[in-house]
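Structure first, commentary second.
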Amino acid sequence: MPELPEVETTRRHLEPVLVGRVIEEAIVSHPRTARRNASAEELVTRLRGRRVEALRRHGKFLVGDLDEGWTLIAHLGMSGRFSFGSPEEEPPVHTHVLLHLDDGTVVRFTDPRTFGFVAVFDEDEMASSPLGRLGPDAWSDAFDASVLAESLAGRTAPIKALLLDQGPVAGLGNIYADEVLHRAKVHPLTPGRDIPMDRLEAMVTATREVLAEAIEAGGTTLDDLAYLLPDGRAGENLDRLRVYGRTGEPCVVCGTPIERIVVRARSTHFCPDCQH
DNA sequence: AACGATCCCTGTTGGC
DNA sequence: TGCCAACAGGGATCGT
């Protein structure tokens, strides 16, 4: 499923295609994908004629700066994916948004499970957008141990849940949260407020390492969930995962079998020996 | 305010 | 072999 590395990989592929282009026409064929706007028709109206000035990312959100003060927000959800091609090509099944650009390229948003969305907000709406509740981006210098310590102070929820919350840090999902906790040797059920400073520092370092590896590999494509890069290739990070999806396999550090528990209705993988 | 449960959605999987 | 329930999960929402 798309997390920060998959969204960043998507951003890097889309940036040269979108930035500087004008969206001449937009087609939105699934109302749920447009649910952050008043209607699919409103989203189409807001997209039409807009020039894309920049493509950024915060956490798992893609952020497109449009002209005249508009902002494009897209989230891949569980199964969302962007691709691009020519108008003559048949779009993939479950393609819900088409952006016809002024150079003839068509950008497509495809999302079988419709957990993702595409939206356009004005400046006032941006103030109350989903971005407002996000903590510092996990792949930025704004995320460090002192910031993390501040946001975890007094928090009794398990650290795994707090990492998924996007408040203390934005961009980690179920796969990379497990990977970070394993590398930092922190048990996923540890209450946030009980993690000592040296473990918080280890978590920040582990986050940078895990994300750097995953971005370099083009993200993680699981066997059963087909996240694909915009050019159709699979991400190559799966073999680098040390705990996620490895229940029962020996820990690469100590050999103890990896355990699986459920935290906040999310599968959670950890080494009971390394992570106390 | 913080936390936990529930819901949305559909392709894939596992059990019978 | 075929059918169907269970499962997967990011984020919003709601109750406590």
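Because only heavy atoms are used, hydrogens play no part in the values below, and waters and symmetry mates are left out as well, while side chains stay in. Below, read A as the first sequence line, B as the second, and so on, with proteins coming before strands; counting in each chain starts at 1.
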Which nucleotide in [options] has an atom nearest any side-chain atom of [X]:
| X | options | value |
| --- | --- | --- |
| Pro130(A) | dG11(C), dC9(B), dA12(C) | dA12(C) |
| Thr114(A) | dC9(B), dG10(C), dA12(C) | dC9(B) |
| Phe115(A) | dC3(B), dG10(C), dA8(C) | dG10(C) |
| Arg113(A) | dC9(B), dA2(B), dG11(C) | dC9(B) |
| Pro112(A) | dG10(C), dG11(B), dT6(B) | dG11(B) |

Closer than 4.0 Å, any side-chain N/O of [X] to the OP1 or OP2 of [N]?
| X | N | value |
| --- | --- | --- |
| Arg32(A) | dC9(B) | yes |
| Tyr244(A) | dG9(C) | yes |
| Ser79(A) | dG11(B) | no |

- Query: Pairs in or reaching into residues 198-213 of chain A: which pass side-chain hydrogen bond (donor to acceptor under 3.5 Å, both in side chains), with residues at least two apart or in two chains?
  - Reply: Arg183(A)-Glu213(A)
- Item | For Val252(A), the rest of its hydrophobic cluster, which grows through side-chain links under 4.5 angstrom | Val253(A)
Taking only residues two or more places apart in sequence or in another chain, which ones pass ring pair (Phe, Tyr, Trp, His ring centres under 6.0 Å) with [X]?
| X | result |
| --- | --- |
| Phe61(A) | His75(A) |
| Tyr244(A) | His269(A) |
| Phe117(A) | none |

- Donor-acceptor pair under 3.5 Å, Arg35(A) side chain vs dG11(C) base: no
- Task: Name every residue in residues 165-181 of chain A that has at least one heavy atom under 4.0 Å from any atom of DNA chain C, in order of residue number, or write none if there are no such residues.
- Result: Gln166(A), Asn174(A)
